[in-house]
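Take a look at the structure set out below.
Sequence lines set the chain letters: A, B, ... in the order given, protein chains first and strands last, and positions in each chain run from 1. Side chains are part of it too, since the values below use all heavy atoms of this structure and drop only hydrogens, waters and symmetry mates.
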Amino acid sequence: QKEVEQNSGPLSVPEGAIASLNCTYSDRVSQSFFWYRQYSGKSPELIMSIYSNGDKEDGRFTAQLNKASQYVSLLIRDSQPSDSATYLCAVILNYGGSQGNLIFGKGTKLSVKP
Amino acid sequence: GAGVSQSPSNKVTEKGKDVELRCDPISGHTALYWYRQSLGQGLEFLIYFQGNSAPDKSGLPSDRFSAERTGGSVSTLTIQRTQQEDSAVYLCASSLMGFTNTGELFFGEGSRLTVL
């Protein structure tokens, strides 16, 4: 089983809609989860981090974490064309020789249509 | 410097040649990562340095790949006897990994490697 899994998309939503991006992970004891955004041809940048079960809101972005289900999601409200990018889920591993290592999913490509 | 600096930004080489990619992290950042990203793919972890600890080399795809970090700062990723499948963007990132383990990586602009 891959350590961090995401649907590759593309996910297409109309402007103003809610975009929902999902991620599952295999390490049961992971405590730290992140969402990075990568515009085409650019490097990734951190947009959200979440450490506790439940929701964390930051402007139009909400991260949701369910450790029992090993599931983390990102909701983007009032989606804008400028949100069109690839969204990468990342998890810090907490086992073995890879402790502290940040592992990325393959990313979900989001397209927001005007 | 203000951000993570990588060089060269672009490198075209012939199959079988060796290449060196350089990364200069943000001053004071103790953690340094190398990732590889092929066209349309996610980030593939290669190697991770944290302070003076032994590096985590578990992501290096073959023994043709090696990396070092001198003095806890600048890092060099070396690929020997390059193959066409090595063509990718090589991304370096650094992080201030304190007790809180924030996981916020600051990425460089990457080195695009093309092996002909």
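In this structure, no portion of F106(B) lies under 4.5 Å from any heavy atom of chain A. Proximity to chain B (any heavy atom under 4.5 Å) is restricted, for Q38(A), to the side chain, taken from C-beta onward. Heavy-atom distances place no part of E44(B) under 4.5 Å from chain A, backbone and side chain included. Contact annotation for L91(B): only side-chain heavy atoms (C-beta onward) come within less than 4.5 Å of a heavy atom of chain A.
Chain B forms the most heavy-atom pairs under 4.5 Å with one residue out of P44(A), G41(A), G105(A), and that residue is P44(A).
Between Y36(A) and L105(B), the closest side-chain pair of non-hydrogen atoms falls below 4.5 Å.
Surrounding CD of E85(B) are more than 12 heavy atoms belonging to other residues, nucleotides or ligands, all under 6.0 Å away. Residue L116(B) places its CG atom among more than 12 non-hydrogen atoms of other residues, nucleotides or ligands, all under 6.0 Å distant. Open room surrounds CG on N7(A); 12 or fewer heavy atoms of other groups in view lie less than 6.0 Å from it.
Residues passing the side-chain contact (heavy atoms from CB on, under 4.5 Å) test with S5(B), sequence neighbours excluded: D24(B).
The nearest pair of heavy atoms linking G110(B) to S43(A) is N-OG, 4.5 Å.
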Under 3.5 Å, side-chain donor or acceptor atoms of residues 8-21 of chain A against the rest of the protein: list the pairs with distances, not counting sequence neighbours.
none

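Under the 4.5 Å side-chain heavy-atom criterion for grouping Ile, Leu, Val, Met, Phe, Trp and Tyr, W34(B) is not connected to L43(B) through any hydrophobic cluster.
In this structure, CD in Q37(B) is found 8.0 Å from OG1 in T86(A), a value given to the nearest 0.5 Å.
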